[in-house]
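Values below: all heavy atoms of this structure, side chains included; hydrogens, waters and symmetry mates excluded. Per chain, numbering begins at 1; letters A, B, ... match sequence-line order.
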Amino acid sequence: MIDDRPSPWLQIWQARMRAVTTLSRMLKFNPAARQTTPASETDAPPLNAYERMALEAQRDGSN
Amino acid sequence: MTRSLIACRAESPIRARQIHDMLSTRPWETVAKFASYSAQIESLGLSPWQNPPMYARLPDLEKPFDDPRGERQAAEILKKLLAHGLSRYEPDPLAAIAMTIQRSPR
C-alpha cells in the first residue's frame, strides 16, 4: 500500500500470475497434466487378419 | 508368383521401380518370392514380427491362436490355400480363398 492505495505493482503481479497459470496449463506443467488419459477407441489401430482370426477362434472356443 | 509381382508393382511407383531394379540383378524366382512376401504382408495387414502364409508350416496347426507371431493363423490360411488348389504365394490369400469358394459349384 502506498499512500492508502494499492501498489501499481499489484496489477502487474496479478497479470503475471494469470499468464503463468495459463502457460503451465497449456504446456502441461501442472499435476493434472501428468495423469495419463485413457486412449479413445478411435486411437486403437485396426485389427489385422491374424488378430481377427484369433478373436474368432476365441469366440468359437476353438483356441 | 506372377500375380504377386503384378500386385507388388501396383503398390506404388517406388515399389515398381524396386522390383524392376531387382529383376535386373537377381533371379526371377527370388524377386517373385520377395513380391509375394510383400504383397501378403500388405493384404493381411501383418505386423513386422508376423510371418505371412508363404512361410507357414502345416505342423504349426498345433500351436495356439494367441501366439503373437501368428504362426497358427498362417498355417490355417496355408491349409485353406492348399485345400482349394491355390498357391502358397497368393498375393491376397483371403481374397483368393473367398473367390474360389464363390466360384465352386454347389
Heavy-atom closest contact (A/Tyr50 atom, B/Gly70 atom, distance): CE2-O, 3.5 Å

Using non-hydrogen atoms and a limit below 4.5 Å, what part of residues 73-84 of chain B faces chain A? B/Gln73, B/Ala74, B/Glu76, B/Ile77

Is there a path of hydrophobic side-chain contacts, each under 4.5 Å between heavy atoms of I, L, V, M, F, W or Y residues, that connects A/Leu47 with B/Phe65? no

What pairs with B/Arg9 under salt bridge (Lys or Arg N to Asp or Glu O under 4.0 Å), at least two apart in sequence or on another chain? none

Under 3.5 Å, side-chain donor or acceptor atoms of residues 8-23 of chain A against the rest of the protein: list the pairs with distances, not counting sequence neighbours.
residue	atom	partner	partner atom	Å
A/Thr21	OG1	A/Met17	O	2.8
A/Thr22	OG1	A/Arg18	O	2.9

Toward chain A: residues of residues 39-52 of chain B with heavy atoms under 4.5 Å: B/Leu44, B/Gly45, B/Leu46, B/Ser47, B/Gln50, B/Asn51, B/Pro52

Shared ILVMFWY cluster between B/Ile97 and B/Leu58, side chains joined below 4.5 angstrom? no

Assigning hydrophobic clusters by single linkage (Ile, Leu, Val, Met, Phe, Trp, Tyr; side-chain heavy-atom cutoff under 4.5 Å), is B/Leu94 placed with B/Ile6? no

